[in-house]
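Down below is the structure, laid out as structure tokens.
We use all heavy atoms of the structure for the numbers below, so side chains are in, but hydrogens, waters and symmetry mates are not. Order of the sequence lines sets the chain letters (A, B, ...), proteins ahead of strands, with each chain counted from 1.
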2 protein chains.
Amino acid sequence: MITYIKVMERQNSETRQGQIKQAVLDIIYTDGLKNLSTRNLAKRIGMSEGAIFRHFATKQDIILAIIQDVQTDFIGQLRKIATSSLEPKERLQKFICSTVQYLTDNKGITMLLFSEASHNNDEQLKSTLRQIFNNQKSLVSKIFLDGIAEGTWDEEIPVENLAMLYMGIPVSLNIELILNRGESQNDNFCKKMLSLMLKLLKR
Amino acid sequence: MITYIKVMERQNSETRQGQIKQAVLDIIYTDGLKNLSTRNLAKRIGMSEGAIFRHFATKQDIILAIIQDVQTDFIGQLRKIATSSLEPKERLQKFICSTVQYLTDNKGITMLLFSEASHNNDEQLKSTLRQIFNNQKSLVSKIFLDGIAEGTWDEEIPVENLAMLYMGIPVSLNIELILNRGESQNDNFCKKMLSLMLKLLKR
DNA sequence: TAACTTTGTAAGTGATTACTTACATCAAGG
DNA sequence: CCTTGATGTAAGTAATCACTTACAAAGTTA
């Protein structure tokens, strides 16, 4: 009988970086941020602690890389929706629903974002977080303004305030997800929020 | 010439507990959660690290005591407003404005709440956080329902969803406060949010 | 005043942290 | 085949963590 012993195979740095980032999110969601140590990280991937530092200079750099991924992937996706040629109402629906989808799919990320915001005084990190927050706000504002310019929505509505209120949707969804371990929230959630938004926008 | 050397005077445990809790919030706001160590805590108060453990069994117990203060003080205040005999519209205004006030006055607390929620798997802590969140939701729902029963507000509005949307207000205010170091937000903020809420509630 | 409890300190404790070092092994190119 | 650079490991490192211990001194009560 031949026994194959699985040994850690060599991978290029890009692949490893992806694995490490994914493991960070997994740990945060399953065990909480407190258990996000480089030791646990290495154990989760099945490599040595030293290997991690081959692919990232510091632990903080891993966090930064993840947050920059959010900036490109998530915000990029929202930008596409907001600047598409669809009707404003349809854009708004896609915008809200894909936000809700992203946040429920990537529960670890959102905990990471808000916790890092309060933990760190790292300015680079804070400024990226500010960008993510403000980009969402200005993209949703663009949709509101397009609908108002078109004449379908109320031009009296204070867009800035509405965008602020909108931002509460993803954020409080997060809180619920954290506190209720993701059990709540069916896929109707975004449609419910959409209908409230539409009532606010009605002339 | 006589020189008086100021030495740490003995205080009763209750006084010290108050000082310790206040110092925790100060540290969180000025230096971030990362620097909330028992060493820094002792230094900030001007006592020894050992003395802290005379008044609280563990560091976690300090956090718990603070969160329980929020439950009694903040939620207690909101409960008084929600169950008062004022008009629903007036209650809603007081409710939103005193929430905004509390959160801006106690910036350290809110960072603590949300960070602990994602950090810890401590069930006692999580359950208290859930209570704080759900109490706010059900108290604001009560105001909505009273206004609907009275006939002033739209009975078609889905109260549960509206309460969820409402919860976004304090939560996203927090994010702004964290990211912008409390520079934004004048005292009109709650009135702006109130007027959006009122449009949603209009028949 | 004597006995006892409470509040304080200084100097530890072992555990854990992010990160480093010395060295092995693998893949690729000349 | 041999060199070279990238990727891996085991076993460290000093620093920091929450918390303890042994003891002193102050306050209280008898």
Side-chain angles (χ1 to χ4, degrees), chain A residues 4-25 27-28 31-67 112 115-116 119-122 124-125, chain B residues 4-25 27-28 31-67 112 115-116 119-122 124-125:
Chain A
Y4 293 94
I5 298 173
K6 179 83 183 177
V7 168
M8 179 93 316
E9 283 157 24
R10 286 168 68 107
Q11 304 280 339
N12 62 31
S13 199
E14 198 180 353
T15 307
R16 287 285 187 232
Q17 282 173 30
Q19 289 176 357
I20 292 167
K21 288 187 284 186
Q22 190 53 56
V24 164
L25 296 179
I27 289 175
I28 290 175
D31 305 331
L33 262 160
K34 195 187 263 168
N35 298 298
L36 183 65
S37 59
T38 48
R39 183 172 311 177
N40 281 339
L41 199 47
K43 201 187 298 171
R44 169 89 49 149
I45 305 170
M47 62 178 3
S48 69
E49 229 179 313
I52 288 174
F53 291 94
R54 283 261 176 246
H55 306 292
F56 287 101
T58 66
K59 186 187 166 190
Q60 179 80 343
D61 278 358
I62 310 177
I63 310 290
L64 269 170
I66 293 174
I67 293 180
L112 180 69
S115 170
E116 285 300 314
H119 256 77
N120 261 290
N121 289 348
D122 183 307
Q124 189 189 355
L125 197 148
Chain B
Y4 293 93
I5 297 173
K6 179 83 183 179
V7 169
M8 179 91 321
E9 283 159 22
R10 284 170 66 108
Q11 304 280 338
N12 63 29
S13 200
E14 199 180 354
T15 307
R16 287 285 187 232
Q17 281 174 30
Q19 289 176 356
I20 293 167
K21 288 187 284 186
Q22 190 54 55
V24 164
L25 296 178
I27 289 175
I28 292 174
D31 305 331
L33 262 161
K34 196 186 262 168
N35 299 298
L36 182 64
S37 59
T38 48
R39 185 172 308 177
N40 280 340
L41 199 47
K43 201 188 296 171
R44 168 89 49 148
I45 305 171
M47 64 179 2
S48 69
E49 228 180 315
I52 288 174
F53 291 93
R54 283 262 176 245
H55 306 293
F56 287 101
T58 65
K59 186 187 168 191
Q60 179 80 343
D61 278 359
I62 310 177
I63 310 290
L64 269 171
I66 293 175
I67 293 180
L112 180 69
S115 172
E116 286 299 313
H119 257 77
N120 261 290
N121 289 347
D122 183 307
Q124 189 189 353
L125 197 147

Under 4.0 angstrom between S37(B) side-chain N/O and dC17(D) OP1 or OP2: yes
Most 5' of R39(A) and S48(B) on DNA chain C, judged by nearest nucleotide: S48(B)
Residue pair N40(A), L36(A): steps toward the side-chain contact (heavy atoms from CB on, under 4.5 Å) verdict: CA-CA 6 Å; N40(A) 281 339; L36(A) 183 65; over 6 Å; no
For atom CG of D61(B) and atom C1' of dA18(D), their distance in whole Å: 13 Å
Inter-residue atom distance T38(A).OG1 - E49(A).CD, 0.5 Å rounding: 4.0 Å
Closest approach of A42(A) to I52(A) (non-hydrogen atoms, all atoms of both residues): N-CD1, 3.6 Å
Whole-Å distance separating the CD atom of Q17(A) from the P atom of dG8(D): 11 Å
M47(B) CE - dC19(D) C1' separation (whole Å): 16 Å
I27(A) versus N35(A), closest heavy-atom pair with distance: CG2-O, 3.7 Å
Interatomic distance, L41(B) CG vs dA18(D) P [rounded to whole Å]: 9 Å
Nearest-angstrom distance from the residue atom CG of N35(A) to C1' of dA18(C): 16 Å
dT25(C) base / R10(A) side chain donor-acceptor hit below 3.5 Å: yes
Spacing of K43(A) atom NZ relative to dT16(C) atom P, expressed in whole Å: 10 Å
Sugar-phosphate, base or nothing in reach of L36(A), heavy atoms under 4.0 Å: sugar-phosphate
Over all atoms of both residues, closest heavy-atom pair of Q17(B) and H55(B): NE2-O, 3.4 Å
Among dT7(D), dA18(C), dA18(D), the one nearest K59(A) by side-chain distance: dA18(C)
Closest listed nucleotide, where the reference is the side chain of T38(A) and the choices are dG8(C), dC19(D), dA18(C): dA18(C)
5' priority, DNA chain C, between R54(A) and N40(A) [closest heavy atom]: N40(A)
F53(A) CZ - dT7(D) P separation (whole Å): 16 Å
First encountered from the 5' end of DNA chain D, between E49(B) and A51(A): A51(A)
Length of the line joining F56(A):CZ and dG8(D):P, which is rounded to integer Å: 13 Å
Short side-chain N/O contact to dG8(D) OP1/OP2 from H55(A), under 4.0 Å: yes
